[in-house]
Structures are given as structure tokens and as C-alpha cells.
Amino acid sequence: MDQIDYQNLSERLQWEQQDYWLHIESSSPLDKYPAKQHAQRVVQQLDVSKGLIYLPGAPTTYFQDSDQPQPFRQHRYFYYLSGVNEADCHLTYDISQDVLTLFIPKIDPSTVIWNGRGSTIAEAHDKYDVDVVCYTASLPDFIKRWPMLHEGNTYILHPDQGAMPGHDKLPRVDSVRLQIAMDAARVIKDSHEIKLIRKANEITAKAHREVLSNIQKFKNEAQVEAIFLDACIAEGAKHQAYEIIAASGENASTLHYVKNDEPLEGRQLMCLDAGCEWECYVSDVTRTFPISGAWPSNEAKEIYHLVQNMQTACISRLAPGVRFLDLHILAHKVAIMGLKNLGILHGGDVEEIYRAGTSRAFFPHGLGHHLGLEVHDVGQKSLMSVNSDRESDHITSDAKSKYPTNYHLPVYHGEMCKSPVDPQSRSLEEGMVVTVEPGIYFSRYALSTVYLPSPIHSNYINKEVLLRYLPVGGVRIEDDILITSSGYENLTTAPKGEEMLRIIQGQGHCASQSIIATETVEAPPEIRPIISDSEWLNTFDTSTQSASRTSDLVQDMQPRFDFGFTQKSLNPYSQVTTTGDHQYRPLCPPDCQNNTPDTSKNHDIPERREASKRDTNTVEPSTQLGESSEAQPKTAAVNKSRISKFRACTACRKRMVCSYSNQRFA
């Protein structure tokens with residue numbers, strides 16, 4: 001390389017374009033977490049020229065009445081201004097001097113052999129983007145002396161997070177403005193933060209692929225959780241951003257189902273909501289897929305594609321200046337149109353059903369939320385409002401809703417809709433990272449207690465068609481989206497759609513090859529409730545009973561929903577035998593020595609006596625799923641069993657129960 005002539009370099013660069021190589025030697029990482037830049041951004045939001053910011057880090061804590069430490073998790077506000085993921089640290093930032101100081105605990109040689117040690121002062125300088133490093137022993141004196149020598153307030157995050165007891169009560173101590181300013185700064189991610197979120201998504205995508213590659217070998221939800229954790233930890237991501245949700249079948253109708261302990265047998269779909277964190281930044285990804293590798297029913301396939309359409313419609317409209325609440329409204333409109341096409345919703349047009357709020361029965365949560373150091377990352381609704389008098393430079397006329405005032409109210413719930421779905425959030429801006437996670441759910445409990453007893457909502461819900469979709473449980477699809485200057489970038493690479501199905505069937509590329517059949521897999525058997533579908537529907541006949549009575553009946557029925565393998569242990573003699581559409585459970589005492597079912601004793605049921613007299617060989621087909629009798633073939637065997645086959649114990653001949661109708665017979 002030619003020697004550079006520094007004397008004439010300035011003049012030459014004015015007229016000559018030439019590439020030069022610069023070699024810089026450094027003993028510390030050049031790509032440090034940009035703590036100093038973050039502190040400066042917070043000060044811009046505070047709009048002050050003097051003062052001191054103080055933040056404590058997370059302390060070492062122990063479980064109650066134990067010498068075992070709790071898992072360490074750094075305070076996210078502290079991390080944002082320090083990049084330090086060590087316990088028992090503190091920081092200050094002198095605004096006028098532009099000096100960021102880190103306080104670290106002094107190493108105790110007697111405990112190093114047990115727990116290792118934290119950073120030394122030299123190592124902290126090397127690793128972190130700070131100006132000064134001191135020991136924590138000097139912190140109290142520093143905090144006391146600073147107001148005597150400097151002008152401006154001391155800013156703390158919360159009244160109970162002062163540097164000493166009663167700190168928030170001292171003059172010139174502000175415990176209100178700092179969090180507002182930090183939230184406004186944190187909501188826009190810089191390139192370093194985006195890189196960390198992207199890395200978390202890459203690892204999460206690998207873990208989702210591992211689950212898809214092995215799902216056909218799994219027997220229970222716990223195995224799904226286990227392999228996801230294994231895949232993340234193997235990549236160096238030891239911490240999950242939130243508890244893994246591995247919900248199969250109707251468990252997916254519970255949004256934050258984290259038990260993950262039930263068998264997969266007989267379930268149609270798996271809803272896996274799981275994401276790891278990387279250097280304190282998180283991912284949040286949900287995929288719903290058929291456990292068998294093929295769509296087990298038309299209903300499951302239809303709901304998946306409806307949710308996919310909801311997500312595609314919303315993601316395609318993401319851009320700076322767009323109001324996220326408007327996309328939430330759009331998602332409900334797409335959901336209503338889709339549910340009407342499937343026959344689940346009826347009796348009104350899209351606008352009428354929207355204004356009734358009935359779509360919340362199936363899509364109860366917000367479209368998405370901010371993502372960053374937290375899964376539900378901070379927003380700015382307490383700082384800015386699109387309807388407020390004080391508008392930031394970031395807010396433009398584009399932030400105004402495209403809909404009339406309060407149009408969002410039928411599909412909005414304050415606790416379920418996180419920022420930026422809330423009405424006070426400003427419009428989307430470049431650098432924001434948000435999730436887009438529409439879903440359709442069939443919650444028996446919510447439908448039974450809220451919507452079907454309602455004289456308003458029940459008019460729009462086709463109960464007969466609804467029954468076909470209950471086994472689907474729930475479908476949610478969630479991606480993490482970066483807002484760019486020209487639109488958006490999807491940071492999530494976890495497979496979905498056809499690629500997802502190919503991986504389950506063994507046709508797609510995956511990290512570990514699994515032995516999976518590529519042919520179409522037969523759908524698993526449907527899991528039915530103990531009570532009959534017609535009895536469940538008749539419970540919500542609001543024309544013949546009051547809403548309060550309906551609610552009472554619903555509460556009485558809750559324990560009677562049996563999913564086959566979850567309630568056997570509740571009764572010592574609750575062995576379930578299945579024949580056709582029926583489950584029969586003997587009510588034998590413990591001294592019964594031969595607790596075996598017998599079909600020899602047929603019981604006459606008053607409400608079905610007339611049906612049994614019509615024909616001993618042929619029975620009219622059931623129409624309880626909303627289909628006309630003309631459209632169904634006559635099937636004698638199954639329907640005849642609904643009339644005559646009820647079990648009795650061959651040993652004690654005690655009373656029996658038909659689990660289909662939940663009626664007992666002598």
C-alpha cells in the first residue's frame with residue numbers, strides 16, 4: 001500500500017476519488033452496545049440541558065426462606081442506558097457534562113470460588129460504552145454531593161428506585177419524567193438493536209423448524225416445549241422471551257396456555273407461540289400447524305387460511321404514518337367477512353356485526369404490540385396522543401384515523417390491546433418493531449358465558465355451524481415486523497403455510513432429518529364433549545329462558561366437558577368406553593370386582609321412545625350440525641346406537657351413565 005501524504009491529503013480529497021485502507025488496532029470491542037447514544041436520545045426527549053439521570057440495575061435476590069438465588073434478569077431500563085447484564089450495578093448520566101458512569105460491585109475473593117466474579121474496572125471499560133467506572137461503595141456519597149456542585153434535577157425512574165431511602169423526597173428529584181422520556185426513546189430501535197432482534201428471530205426460526213421436523217414423533221405437548229428449548233440453548237440463547245405456549249387442540253383457545261402437559265392424541269392442530277431472547281432483546285413468533293402434517297379437517301384448513309388472510313392484509317399496509325389501530329379494525333373486518341363466508345356468522349352484514357362487537361368472540365386480543373427489550377415493549381401513549389393538543393414533531397396528519405371518532409370501540413378492549421393498538425399511540429415510524437398476530441379462537445367457555453347467552457351476539461352466531469369448528473381450538477400466526485422508510489421488513493423467518501407443511505411431511509430442509517411419512521396422513525379422531533351437541537345448543541335458546549338462567553346452566557355444565565384423557569383420574573371408577581359417538585362410564589362402587597361394560601341391557605329413554613318405534617333397523621339421520629336431513633345419507637348403525645346402546649356393569653348391574661347425554665339409568 002502506498003504511503004499516504006498527510007500534508008496534501010485534504011487538498012487531494014477535494015478533487016481525487018481514491019480508496020484507502022485504514023488499520024485500527026483496539027483492545028476493546030468496536031461493536032459495543034450503544035449505551036451512550038441511548039442516553040443522549042433520552043436527554044433529547046427530556047428536553048433539558050442540565051441534570052443527572054440515576055438508574056439501579058437488578059440486584060441479586062434469593063427465593064424466600066432459601067439460600068438459592070432466583071434467576072437473574074436485568075432491569076430493562078438500566079440495560080438500555082448501559083448494556084450491562086451483571087447484577088448489583090448502578091449508573092448515572094451527567095447531562096451537561098455528557099458523562100456516563102457505571103458503578104460495579106467490588107469483587108469479594110471469598111465468594112469467587114462459589115459463584116465466580118463480575119467484571120473488574122478495567123474489564124468494564126473494555127466491554128461497555130461508558131466513560132467512567134467506579135465501585136458501588138462510592139455511589140451514596142456521589143449522589144449526595146452532586147446536587148451541591150451542579151445545577152439541574154436528579155431524574156429517577158420510580159419513587160422507590162432512588163439511590164437511598166427517601167431519595168425521591170429530596171428537593172430537585174424528579175420521579176415522573178424519566179420513564180416517559182425513556183419510553184419515547186426505546187420505541188424507535190437503532191441498527192444495533194435491530195441486529196439483536198434479528199438474531200433472536202434467526203434462532204427462534206431454527207427452533208420452530210426443529211419442532212416441525214419432529215412433531216409426528218411426539219406424544220405430548222411437553223415434548224414440543226422440550227425440543228424448542230433444546231434448539232434455542234444449543235444456539236446460545238439460554239433464556240426465553242416468555243413462557244412457551246404449546247397448545248394442542250382446544251387448548252389453543254386459551255391465549256396464554258402454558259401448562260404444556262397434555263397428550264397430542266386426537267388433537268387436530270398445535271398452536272406454538274414461542275421465542276427466545278438474545279442479549280436481552282426478544283423475538284415473539286407464533287405458528288399453528290396440523291399435528292399430522294396434513295389438514296385434518298376442512299374446518300381447520302379454512303380457519304388457518306382465514307387467519308393467514310387477516311395477517312397478509314395487515315402486513316401489506318404497514319408503513320410510516322399508518323395508524324396501527326386502523327389495521328386492528330381492518331383485521332376484524334377481514335375476520336367478519338371470512339366467518340360469514342364459512343357460515344359461522346350470519347344474520348347481518350359486515351358493518352352491523354362489526355358494530356355489535358360479535359367478532360371479539362373469535363378475535364379477542366389486539367392485532368399486535370411493540371417488540372424490543374420486552375415482549376410487550378414500551379409504547380408512548382402517556383407521552384403523546386393523536387388527539388392531544390401537544391403533538392410531537394413525529395406526529396403528522398397521517399396519524400389521524402381513517403375511521404370516525406370512537407369507531408374502534410366495538411372491537412377494542414384496553415387490557416387486551418397493547419400499544420400501538422391503543423388510541424393514544426402515535427402513528428408508525430421508521431425504526432419501530434411491531435408484531436402482527438391475528439387469530440381466530442373457539443373458546444367454549446367464552447362462548448358459553450358471554451356470547452351465546454347474549455340476545456345480541458347470539459343473533460349473529462350460527463350455533464349449528466359453530467359446532468363443527470369447536471375442535472379446531474384456535475389459530476394464531478405472528479411475525480415480527482420492522483417499519484422501514486419505504487414500508488416494512490419481516491424479521492421472522494420461521495416457516496408457515498405450505499413450507500411449514502412440507503417440513504412436517506419430511507419434504508423441506510431442516511436441521512435434523514426425521515423419519516416422517518410423506519403420504520397424506522389420516523385425520524385424528526374428533527374429541528367430543530360429554531354432553532350432546534343438541535343439549536349444548538339448547539342451553540343458549542334465549543327465546544325460552546332468561547339470560548341469568550342460561551348463565552346458571554352454563555356454569556353447571558362446565559365440569560361435564562370431557563376430553564377423554566384429561567379427567568379419567570378424577571374418579572376412581574371413571575373408566576371410559578367408547579362406541580360410535582358415545583362414551584359410557586360405569587358408576588360402580590369400589591367393591592365391584594368385574595367393572596366391565598355390557599351392551600346386553602338396552603334402556604328405554606322417554607324423549608327418544610318415539611324415534612325408536614319408527615324403525616328398528618333405520619333411524620332418521622341427525623341434523624344437529626346445521627345440515628339438512630336431505631343432504632345426509634341414512635346410516636343405521638351409528639344412529640341406532642344413539643337410541644338403544646347404554647351400558648351396565650356385568651358384575652353388579654349398578655346404574656350406568658351415558659356420557660353422550662350424561663343421563664343415568666337404572
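Heavy-atom minimum distance, Ser485 versus Glu430: CB-OE1, 3.5 Å. Scanning both residues, Asp480 and Ser283, for their nearest heavy atoms gives OD2-CA, 3.6 Å.
Taking the charged nitrogens against the carboxylate oxygens, Asp377 and Lys189 do have a contact shorter than 4.0 Å, which makes a salt bridge. Ionic pairing of Glu499 and Arg209 is present here: one or more N-O contacts between side-chain nitrogen and carboxylate oxygen are shorter than 4.0 angstrom.
Listed by first and then second residue, the salt bridge (charged side-chain N to carboxylate O under 4.0 Å, His left out) pairs involving residues 329-349 are Lys333-Glu351 (not counting sequence neighbours). Legend: ring-ring contact (aromatic ring centres under 6.0 Å, His included) pairs involving residues 201-227, not counting sequence neighbours, sorted by first then second residue: His208-Phe228. Every pair passing salt bridge (charged side-chain N to carboxylate O under 4.0 Å, His left out) that includes a residue from residues 291-303 is listed here, sequence neighbours excluded: Glu299-Arg468. Applying the salt bridge (charged side-chain N to carboxylate O under 4.0 Å, His left out) definition to pairs two or more places apart or across chains, none involves residues 306-321.
Taking Asn220 as the reference, Ala222, Gln223 meet the side-chain contact (heavy atoms from CB on, under 4.5 Å) condition, with sequence neighbours excluded. Partners of Phe362 by ring pair (Phe, Tyr, Trp, His ring centres under 6.0 Å), not counting sequence neighbours, listed by chain and number: Phe442. Take Tyr242 and apply the side-chain hydrogen bond (donor to acceptor under 3.5 Å, both in side chains) test, not counting sequence neighbours, and it matches Asp273, Asp284. Looking at residues two or more places apart in sequence or on another chain, you find a side-chain hydrogen bond (donor to acceptor under 3.5 Å, both in side chains) between Glu437 and His369, Thr435. In this view, Tyr304 and Trp295 satisfy the ring pair (Phe, Tyr, Trp, His ring centres under 6.0 Å) rule, not counting sequence neighbours. Partners of Tyr407 under the ring pair (Phe, Tyr, Trp, His ring centres under 6.0 Å) rule, at least two apart in sequence or in another chain, are Tyr354, Tyr403. Not counting sequence neighbours, the partners of Asn490 by the side-chain hydrogen bond (donor to acceptor under 3.5 Å, both in side chains) test are Asp479. Take Thr288 and apply the side-chain hydrogen bond (donor to acceptor under 3.5 Å, both in side chains) test, not counting sequence neighbours, and it matches no residue.
The shortest distance between side-chain heavy atoms of Tyr257 and Glu221 falls below 4.5 Å. No side-chain heavy atom of Val375 sits less than 4.5 Å from a side-chain heavy atom of Gln240.
The backbone N or O of His239 lies less than 3.5 Å from no partner atom in the side chain of Glu277, so there is not a single donor-acceptor pair. Looking only at distances, a side-chain donor or acceptor of Ser297 sits under 3.5 Å from a matching main-chain atom of Ala300. Remark: the backbone N or O of Ala231 is not paired with any side-chain donor or acceptor of Glu210 at under 3.5 angstrom.
Between His328 and Tyr412, the ring centre distance reaches or exceeds 6.0 Å.
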Evaluate the criterion salt bridge (charged side-chain N to carboxylate O under 4.0 Å, His left out) for residue pair Glu265 and Lys219; output intermediate values, then yes/no. CA-CA 7 Å; Glu265 181 182 0; Lys219 302 299 182 183; over 6 Å; no
Worksheet entry | Verdict with supporting geometry, His346 and Asn459, side chain to side chain contact (heavy atoms under 4.5 Å, CB included) | CA-CA 8 Å; His346 68 168; Asn459 289 332; over 6 Å; no
Requested in this report: Starting from the C-alpha separation in whole Å, work towards a yes-or-no answer on side chain to side chain contact (heavy atoms under 4.5 Å, CB included) for His365 and Tyr441.
Outcome: CA-CA 10 Å; His365 58 77; Tyr441 311 89; 2.7 Å; yes
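Residues Thr484 and Glu489 bring no donor and acceptor atom of their side chains to less than 3.5 Å of each other.
Between the CG atom in Leu367 and the CD atom in Gln311 there is a gap of 8.5 Å [rounded to 0.5 Å].
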